[in-house]
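Predicted model only: the values in this text are computed from it and were never measured.
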Amino acid sequence: MDQSTMTGRLLVAAPLLQEDSFRRSVVFVVDDTADGTLGVILNRPLGMAVDEVVTDWGAYASEPAVMFSGGPVGADSGIALGTAGAGEPPPGWAPLEGLAPGLGLDAVGVVDLEGPPQVLGTALGAFRVFAGYAGWSAGQLLEEIGEGAWFVVDAVASDVFTTSPEGLWARVLRRQGGRMALLSTYPDDPTMN
């Protein structure tokens with residue numbers, strides 16, 4: 001797989017990936033360069049409201065309006081993603097760089113949480129905050145993909161801002177068809193099958 005095409009794609013954990021941090025996770029790749037890959041887990045909502053962590057941003061958060069665990073790295077830092085509304089992109093919002101062509105994710109970008117929420121928040125069509133991120137050093141992710149730990153599939157904006165994150169893993173696999181759709185029914189505990 002060409003490393004330059006990963007930004008804006010989804011990494012879907014294969015059933016064999018049992019590591020707690022990534023088990024049944026769906027990771028949205030935010031940045032992918034020769035130095036490594038950074039993404040956020042889309043289906044790990046936390047039990048705390050956005051306002052508890054990022055003051056004044058809660059009113060703009062997409063449902064469910066809670067913080068999400070973006071991954072095991074840098075849990076004390078945050079990454080915010082949003083979609084630019086119609087018209088001029090708002091200041092404090094930056095589109096993802098190096099998006100794979102043809103994904104239709106041009107409106108998804110990074111939100112600067114230091115900006116004024118009353119201005120920036122109202123200009124966003126969707127908004128989500130992630131505590132921490134998933135990160136891989138150069139070549140590490142490609143190795144894991146080669147070992148069968150991850151499926152790389154196209155993302156749609158509704159994946160990033162899903163209102164029902166608990167079923168995202170199965171939904172993404174199902175829409176792929178074929179073998180991956182079959183894996184969407186893989187039992188959580190295969191010994192109970």
Side-chain angles (χ1 to χ4, degrees), residues 4-12 21-22 25-33 35-136 141 153-166 168 171-172:
S4 65
T5 63
M6 297 287 283
T7 299
R9 311 275 319 266
L10 294 178
L11 304 172
V12 182
S21 297
F22 293 112
S25 65
V26 178
V27 177
F28 179 68
V29 177
V30 175
D31 189 33
D32 185 47
T33 66
D35 296 328
T37 305
L38 179 144
V40 290
I41 299 174
L42 300 177
N43 58 336
R44 295 282 194 278
L46 299 171
M48 68 181 81
V50 170
D51 264 340
E52 291 180 39
V53 180
V54 189
T55 309
D56 298 327
W57 282 95
Y60 309 105
S62 298
E63 290 297 326
V66 296
M67 295 290 297
F68 277 66
S69 173
V73 183
D76 57 345
S77 63
I79 295 176
L81 297 177
T83 58
E88 229 11 71
W93 176 89
L96 298 180
E97 293 182 21
L99 270 175
L103 293 181
L105 294 168
D106 300 338
V108 177
V110 178
V111 177
D112 179 3
L113 294 174
E114 298 296 320
Q118 300 80 3
V119 175
L120 183 52
T122 58
L124 297 173
F127 174 69
R128 180 142 296 150
V129 184
F130 301 88
Y133 61 92
W136 293 267
L141 178 58
V153 302
D154 290 342
V156 294
S158 61
D159 295 330
V160 181
F161 305 101
T162 181
T163 57
S164 53
E166 61 285 339
L168 185 63
R171 284 194 314 273
V172 170

Subject >> Shortest non-hydrogen contact from Gly132 toward Val40 >> reply: O-CG1, 4.2 Å

**OP:** Please round to the nearest 0.5 Å and tell me the distance separating atom CZ of Arg171 and atom CD of Glu166.
**Re:** 7.0 Å

Subject >> Any side-chain heavy-atom pair of Leu120 and Pro91 under 4.5 Å >> reply: no

Original post:
With a cut-off of 6.0 Å (strictly less than), are more than 12 heavy atoms of other residues, nucleotides or ligands near CD of Gln118?
Top reply: yes

Original post:
Is a side-chain N or O of Thr33 found less than 3.5 angstrom from the main chain of Asp35, in a donor-acceptor match?
Top reply: yes

Subject >> Spacing of CD1 belonging to Ile41 relative to CZ belonging to Phe130, to within rounding of 0.5 Å >> reply: 9.5 Å

Subject >> Pairwise side-chain contact, Val29 with Thr37, heavy-atom cut-off 4.5 Å (strictly under) >> reply: yes

Original post:
Do the non-hydrogen side-chain atoms of Leu141 and Leu11 ever get within less than 4.5 Å of each other?
Top reply: yes

**OP:** Could you tell me whether a side-chain N or O of Thr162 sits under 3.5 Å from a main-chain N or O of Ser164, the two making a donor and an acceptor?
**Re:** yes

Original post:
Could you state the interatomic distance from CG (Asp32) to CD (Glu97), rounded to the nearest 0.5 Å?
Top reply: 12.5 Å

Subject >> Non-hydrogen atoms of Ala155 and Leu10 that approach each other most closely >> reply: CB-CG, 3.5 Å

Original post:
Out of Leu105, Asp159, Thr7, which residue meets the side-chain contact (heavy atoms from CB on, under 4.5 Å) rule with Phe28?
Top reply: Leu105

May I have the list of side-chain donor-acceptor pairs in residues 55-66 shorter than 3.5 Å, sequence neighbours left out?
from	atom 1	to	atom 2	distance (Å)
Trp57	NE1	Leu113	O	3.4
Ser62	OG	Phe127	N	2.9
Ser62	OG	Phe127	O	3.3

Original post:
Can you tell me how far the CG atom of Asp106 sits from the OG1 atom of Thr83, to the nearest 0.5 Å?
Top reply: 12.0 Å

Subject >> Sub-4.5 Å side-chain heavy-atom contact between Asp31 and Leu96 >> reply: no

**OP:** Search all heavy atoms of Pro72 against all heavy atoms of Phe22 and return the closest pair with its distance.
**Re:** CD-CZ, 3.8 Å

Original post:
Can you pull the side-chain hydrogen bond (donor to acceptor under 3.5 Å, both in side chains) pairs that have at least one residue in residues 121-136, sequence neighbours excluded?
Top reply: Trp136-Glu144

Subject >> Shortest non-hydrogen contact from Trp93 toward Gly82 >> reply: NE1-O, 3.0 Å

